[in-house]
Number of protein chains: 2
Amino acid sequence: MAATIKDIAKKAGVSPATVSRVLSNQTAFYSEKTAKKVKKAAKELGYQRNTAAVELVTQRSKVIAAIVSSTQTNFSDQIIDGIQQVANQNNLNVIILYAGEKDTQMQRKALETVIERSVMGILLIAVDLDPSNEGLLTSANIPYLFLSITLKNRELPFITSDDFQIGYQATHYLIQKGHSRIGLVAADLESVTGHLRLEGYNQAMHDHGLVIHPEWVCDGDFAYEDGVVAMKQYGHNPPVTAVVASSDLAAIGVMNQAQEFGLKIPDDLAVISVDGTKLCQIVRPQITSVTQAFFEMGVRGMNRLINWPAADEKPLYTPIKIVERQSV
Amino acid sequence: MAATIKDIAKKAGVSPATVSRVLSNQTAFYSEKTAKKVKKAAKELGYQRNTAAVELVTQRSKVIAAIVSSTQTNFSDQIIDGIQQVANQNNLNVIILYAGEKDTQMQRKALETVIERSVMGILLIAVDLDPSNEGLLTSANIPYLFLSITLKNRELPFITSDDFQIGYQATHYLIQKGHSRIGLVAADLESVTGHLRLEGYNQAMHDHGLVIHPEWVCDGDFAYEDGVVAMKQYGHNPPVTAVVASSDLAAIGVMNQAQEFGLKIPDDLAVISVDGTKLCQIVRPQITSVTQAFFEMGVRGMNRLINWPAADEKPLYTPIKIVERQSV
DNA sequence: AACGCAATCACAAACGTTTGTGTATTTTAG
DNA sequence: CTAAAATACACAAACGTTTGTGATTGCGTT
């Protein structure tokens with residue numbers, strides 16, 4: 001059904017080789033006259049290039065794969081925006097695949113899909129790769145980069161925010177505002193990310209001579225529900241006067257549950273969240289947050305992939321900043 | 001670098017043809033003994049199939065493309081979840097592409113990308129296709145389906161909610177609750193979707209003998225900001241006692257601005273939104289909504305694509321239901 | 001011992017493109 | 001006016017796989 005390069009060649013009275021060179025603008029190889037004939041024929045036939053054939057012969061593709069885990073909060077959109085922007089500038093295509101959350105099978109399937117297609121680069125957004133899938137990725141001979149996650153395996157390249165700093169600065173900010181009894185919510189302690197944030201939190205407490213109460217930190221998974229269960233654990237008379245929540249959604253969870261308890265935000269309980277997505281601006285009170293540079297993560301990730309294998313760019317971390325709103 | 005089927009053939013001492021058949025489980029063609037040898041060799045070489053070659057020769061692919069426009073609110077995640085589920089059941093791959101919002105260029109590029117790859121089906125999620133790109137889509141000879149949008153061009157197949165019913169039922173619900181002065185916010189009147197919802201709204205008002213005030217309907221684009229500007233237009237002493245907002249985000253916008261004005265929700269102003277995403281549950285007060293069956297849209301869309309070209313399934317609309325929460 | 005039939009495999013063509021190389025044709029230089 | 005150089009094109013191989021068809025083997029039956 002679909003027209004091929006040979007059909008065009010026949011119609012224009014030239015060889016397929018010439019058609020190919022015209023269509024890919026190899027200006028040194030053809031005259032303007034034949035170019036016109038070829039382009040006209042191509043248009044009339046509604047020609048669409050067959051990418052499979054192109055990639056087969058050229059042995060490379062112009063697509064970047066972004067593998068995203070379905071996260072509780074939706075910061076990945078911002079990262080993908082950054083990716084898209086750079087892709088457009090460089091005439092690359094971006095395809096996005098879902099890898100579930102902590103779903104080894106889906107991770108594997110997504111990886112196999114993109115490796116079989118031999119994409120030119122793989123960006124893994126917030127995916128905590130199962131060790132059993134690492135081999136697949138590393139031996140595929142395709143540039144790859146983790147985004148928005150700190151990994152156990154430090155050999156794997158990644159770009160993210162400095163999670164220790166996130167924990168430290170959030171806590172430090174609350175201390176500066178006069179708080180000394182500070183909780184940590186939805187910490188996700190099994191992950192490196194969560195662990196580092198906890199360390200930052202601990203360090204900040206320690207630096208200011210505050211005593212650390214392990215029962216003030218609540219585990220969780222960045223989810224809204226984790227925020228509410230944490231707050232329920234604190235109870236009507238919370239032992240803390242402020243909490244740092246590890247995601248915007250978790251922060252909303254604690255705020256809602258706190259209000260359920262009749263507590264006023266920020267007077268009875270101050271809240272600072274990490275991420276700083278639009279959610280912070282649309283809830284009331286608006287949430288003061290440690291805002292991450294997600295868009296920039298996407299941009300830098302793409303640039304790094306494009307310039308592969310660049311010498312190791314040093315700065316692995318995108319900046320964070322505290323945006324003051326109404327919740328503390 | 002990467003191992004091919006020929007390498008395996010050499011290593012296992014068989015022909016490439018046999019390797020191919022073993023690897024694709026054409027059980028009628030080989031003995032268990034050679035199968036073992038082949039599989040062993042394949043594993044040792046870390047073989048990954050070259051999809052470009054496969055698709056070139058078989059002339060078909062196992063990927064479904066989902067083209068999404070970057071929407072204000074994020075219901076597309078739910079649709080994609082539905083798509084993914086069916087895809088997994090049928091051993092298909094899903095790739096997602098962004099088409100910007102009302103960006104003709106990006107639409108065209110996304111379409112060309114998937115057509116060149118001759119995917120087996122295209123799902124367009126909430127993309128309002130520019131007429132200039134219609135030809136591309138329709139002449140590509142690839143099954144396609146629009147999701148979550150009502151189109152001007154009724155020739156194009158789509159699955160969505162019944163927008164007239166959305167407008168009608170939302171309005172009717174408010175009337176039943178005793179309201180007679182009802183506004184319509186962020187209506188997106190240029191789109192068919194917005195137009196139909198307005199018709200539903202008008203019809204419901206008319207059916208109950210209520211007078212229609214055109215100045216009570218505010219245009220917009222489903223965005224949060226559209227909600228706040230609409231509310232600002234209504235002012236401190238709004239002429240309406242209830243509004244239907246055309247998205248959850250827009251509803252939050254009016255609610256926030258209303259509270260800014262010192263109005264209590266739902267006592268001074270009732271709000272019903274359409275969509276019913278998780279946002280409705282996490283804001284306070286929780287928003288009563290006309291909830292759409294996004295997940296089901298994805299599922300039905302996929303099934304329709306898979307069974308292409310099925311006889312025209314009749315029910316083009318997925319169900320909607322009103323979920324009562326706290327905002328009216 | 002000769003035959004037929006499965007079972008198992010190898011051969012080779014085909015998919016649509018890119019690209020190195022060869023070959024006419026035209027242009028330029030001397 | 002001739003030779004060299006540049007231009008414009010065609011030929012054909014190659015990419016990695018699938019699949020129709022033909023060849024070989026081994027077995028059981030007479």
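Below, chains carry the letters A, B, ... as their sequence lines are ordered, and counting in each starts from 1. Since the structure is predicted, the reported quantities are computational estimates derived from the model, not experimental observations. What's counted below: heavy atoms across the whole structure, side chains too, no hydrogens, waters or symmetry copies.
Contact detail for B:T104 and B:S132: the closest heavy-atom pair is CG2-OG, 3.8 Å.
Between B:K37 and B:E32, none of the side-chain N atoms (NZ, or NE/NH1/NH2) sits under 4.0 Å from a carboxylate O, so this pair counts as no salt bridge. At a threshold of 4.0 Å, the pair A:E44-A:K39 does not count as salt-bridged, since none of the basic side-chain nitrogens sits closer than that to a carboxylate oxygen.
Listed candidates were C:dT8, D:dC9, C:dA10. Nearest to the side chain of B:S15 is C:dA10.
Side-chain contact of B:E134 with B:N153: a donor-acceptor pair under 3.5 Å is present, judged by distance alone.
Among residue pairs with one or both ends in residues 138-159 of chain A, none qualify as salt bridge (charged side-chain N to carboxylate O under 4.0 Å, His left out); sequence neighbours excluded.
Between the NZ atom of B:K36 and the P atom of C:dT8 there is a distance of 13 Å, given to the nearest Å. Atoms CD (A:E32) and P (D:dT7) sit 14 Å apart, rounded to a whole Å. The distance from atom NZ of B:K33 to atom C1' of C:dA7 is 12 Å, rounded to the nearest whole Å.
Listed by chain and number, the residues in a side chain to side chain donor-acceptor pair (under 3.5 Å) with B:S15 are B:T18 (sequence neighbours excluded).
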>> Return a single string for nucleotides 13-18 of chain C, one symbol per nucleotide in 5' to 3' order, where B is base contact, S is sugar-phosphate-only contact and - is none, cutoff 4.0 angstrom on heavy atoms.
In response: -BBBBB
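For D:dC9, one of the phosphate oxygens OP1 or OP2 lies less than 4.0 angstrom from a side-chain nitrogen or oxygen of A:T34.
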